[in-house]
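Throughout, a chain's letter reflects where its sequence line sits, starting with A, and its residues are numbered from 1.
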2 protein chains.
Amino acid sequence: MSIDRSVTLPDAAGSAQRAPSRIRLAVLDRDPGFMQVLAKRLDSLGCEYRPLAAPVGLEGLVTMRLNALVVDLAILGPSGWGYLEQVCARLPGMAVIVCTGPSSVAQRVRGLRLGADAWVTKPCHAEELICVIEAAVRRHRRGEMPTLEATATFGEITVRPDLHQAYVGPTSLELTAREFEILHLLTGADRVLRREEIYERVWGYAMAHGDRSVDVFVRKLRQKLRAGSPQWSYIHTHFGVGYRFAPEREVDAPELDLVEPAPLHMLDPALAG
Amino acid sequence: MSIDRSVTLPDAAGSAQRAPSRIRLAVLDRDPGFMQVLAKRLDSLGCEYRPLAAPVGLEGLVTMRLNALVVDLAILGPSGWGYLEQVCARLPGMAVIVCTGPSSVAQRVRGLRLGADAWVTKPCHAEELICVIEAAVRRHRRGEMPTLEATATFGEITVRPDLHQAYVGPTSLELTAREFEILHLLTGADRVLRREEIYERVWGYAMAHGDRSVDVFVRKLRQKLRAGSPQWSYIHTHFGVGYRFAPEREVDAPELDLVEPAPLHMLDPALAG
DNA sequence: TTTGCGCGTGAACATCCTGTGACCGAGCCC
DNA sequence: GGGCTCGGTCACAGGATGTTCACGCGCAAA
């Protein structure tokens, strides 16, 4: 169960329903005008957008961690149907929208039966296509969230989205809901996150100027992480920027590979003294 | 006394949602030719199909427990947008396909933004519309956990979906229909379930903000579970998140020297030193 | 090295969440 | 009709959680 994905992972956090995270999208098409208009709209919506001029293998698509793929069957040629079928079967968590030129009913039926989520006929308005994409992704996320969320281990800490909790071995860190969400967000983003980003994605709305809530929660998190895993440090401060998650062994603990994680659940008083 | 009231349950209460094969569909339209062709195809596919000549209130839609609703905005008049919005918001588990006459891009965008899953322009081929419906429903169902229909035992509790009842040994817990459904849902999901999820799956529509029904039923469930199996706890609260089912023996019952499952936090502190 | 702002910390305070008992209306059976 | 069960709502209370504040340290720029 507990998949140890070691340390690095591209950003794909998606903190549940509070703040619908941005859509990660790839468009497989060669029409310059179409791409330009689409790119403009997608940018203004804050999509993570990636144009593709040629078909990408399944592995490539997997590593992109897309929410949706828009594809013009025309540039795939006769092998397009097979490609479509494979992609839909192999990546059920990704919405697939076919956006292509004039077609017959039979073709559209075939595409949808193979697993496509929608079929948009070119020429089409960019806004409409985007709405179709959003609708598909929206529906997609309803079920995807709990299922695909795998448990991950960082250093001595295991993050379990299904239980909304983090553990050291079998012992719960007793994180509160909000603490866990912040930890989850940080572990999912392999980069420095500004306070405003953290606040927006966890609280779901913009952070008021001067709000220190994130700092306070990071402090509580660090406290519980330290209590459970004293020899590691996990959340690093980037002065003037924000926070970054990265499990690192403390320097003053040389080479001990068999260190027991120390008792826990005594987060409060006695330990500190 | 320990006889369950099995006899019969209200039709839609339990069985309908569980059968993933058949789509429960309603079509709100008045075009006789369209309806006839569609009905023919739907029948041959084994859909549970229901034509509607006039808009049905939210309550009506709820009791139908539909997987999908096809609607022609034309017969709704100006209030159609509001109706569409309400239906989509209140029944997030139901796919909504707008199938209507010629429209502008703005109208289609509006419909999709309000929550519609697809927009099909009439005149359209029945086969294509059905594919669109299937695609929408397919996406909807992804991630819905398969509630197991087999008898299963957790701790001292035996859940029997076939009898719609739970037992401790041979003794019925006398759960009501709702209570059982919630228990069944919880036992089938091996993770924390948010109240909204529980409500949506059991009641069939979106939970109103501030609704405490789930809490109350969980309380009743706990009461009956405790009465039948006092030494165990089954439903655990995750503060700020939801509920999780997991049979655990109560620690404060030192009477029996049977094998303790040795739950968490019993690490020997000496190991750490 | 000094300075100024950013950040860590602890605690007080406000808020929200949840368990609980009581109540009420609808449906059902006698 | 009367009694019953069941589903659902309400208000209350206690506790867990989130937020704010003040203080002091530490980091980076000058």
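- If you take CG of Leu175(A) and C1' of dG18(D), they are 15 Å apart, rounded to a whole angstrom.
- The separation between Lys220(A) atom NZ and dT9(C) atom C1' is 12 Å, rounded to whole Å.
- Phosphate proximity of dG6(C) to Thr237(A): absent, as no side-chain N or O sits under 4.0 Å from OP1 or OP2.
- With a 4.5 Å cut-off on side-chain heavy atoms, Glu134(A) and Arg113(B) count as touching.
- Residues Glu174(A) and Lys224(A) are not paired through a salt bridge, judged by the lack of any N-O separation under 4.0 Å between the basic side chain and the carboxylate.
- Using a cut-off of 4.0 Å between Lys/Arg side-chain N and Asp/Glu carboxylate O, Arg22(B) and Glu48(B) are scored as salt-bridged.
- The residue among Phe239(A) and Gly242(B) whose nearest nucleotide of DNA chain C is located toward the 5' end is Phe239(A).
- You'll find that the side chain of Arg219(B) is closest to dG21(C), out of dT20(D), dG18(D), dG21(C).
- Closest of all the heavy-atom pairs between Thr151(B) and Arg160(B) is OG1-NE, 3.6 Å.
- Taking side-chain N and O atoms only, Trp203(A) has no distance below 4.0 Å to OP1 or OP2 of dG18(D).
- Between the CZ atom of Phe217(A) and the P atom of dT17(D) there is a distance of 10 Å, rounded to whole Å.
- Remark: Arg195(A) is in phosphate contact with dC7(C), judged by side-chain N or O atoms under 4.0 Å from OP1 or OP2.
- Straight-line distance from the NZ atom of Lys224(A) to the P atom of dG10(C): 14 Å, rounded to whole Å.
- The side chain of Arg212(A) places no N or O atom within less than 4.0 Å of a non-bridging phosphate oxygen (OP1 or OP2) of dG6(C).
- Contact annotation: Tyr199(B) side-chain N/O to dG7(D) OP1/OP2 distance is not under 4.0 Å.
- For the pair His238(A) NE2 and dG8(C) P, the interatomic distance rounds to 12 Å; values are reported in whole Å.
- Residue Thr176(B) places at least one side-chain N or O under 4.0 Å from the OP1 or OP2 atom of dG7(D).
- Residue Val216(A) is in base contact, counting any heavy-atom pair closer than 4.0 Å across all strands shown.
- The 5' end of DNA chain D is approached more closely, in terms of each residue's nearest nucleotide, by Ser213(B) than by the other of Asp211(A) and Ser213(B).
- Side-chain nitrogen and oxygen atoms of Arg222(B) include none within less than 4.0 Å of the OP1 or OP2 phosphate oxygen of dT20(C).
- Rounded to whole angstrom, the span from the CD atom of Glu174(A) across to the P atom of dG15(D) amounts to 18 Å.
- Contact check, Tyr243(A) against dG6(C): no side-chain N or O comes under 4.0 Å of OP1 or OP2.
- The distance between the ring centers of Tyr234(B) and Phe154(B) does not fall below 6.0 angstrom.
- Atom CD in Glu59(B) sits roughly 14 Å away from atom C1' in dA26(C) (whole-Å rounding).
- We find that CD1 of Ile235(A) is positioned 15 Å from C1' of dT9(C), with the value rounded to whole Å.
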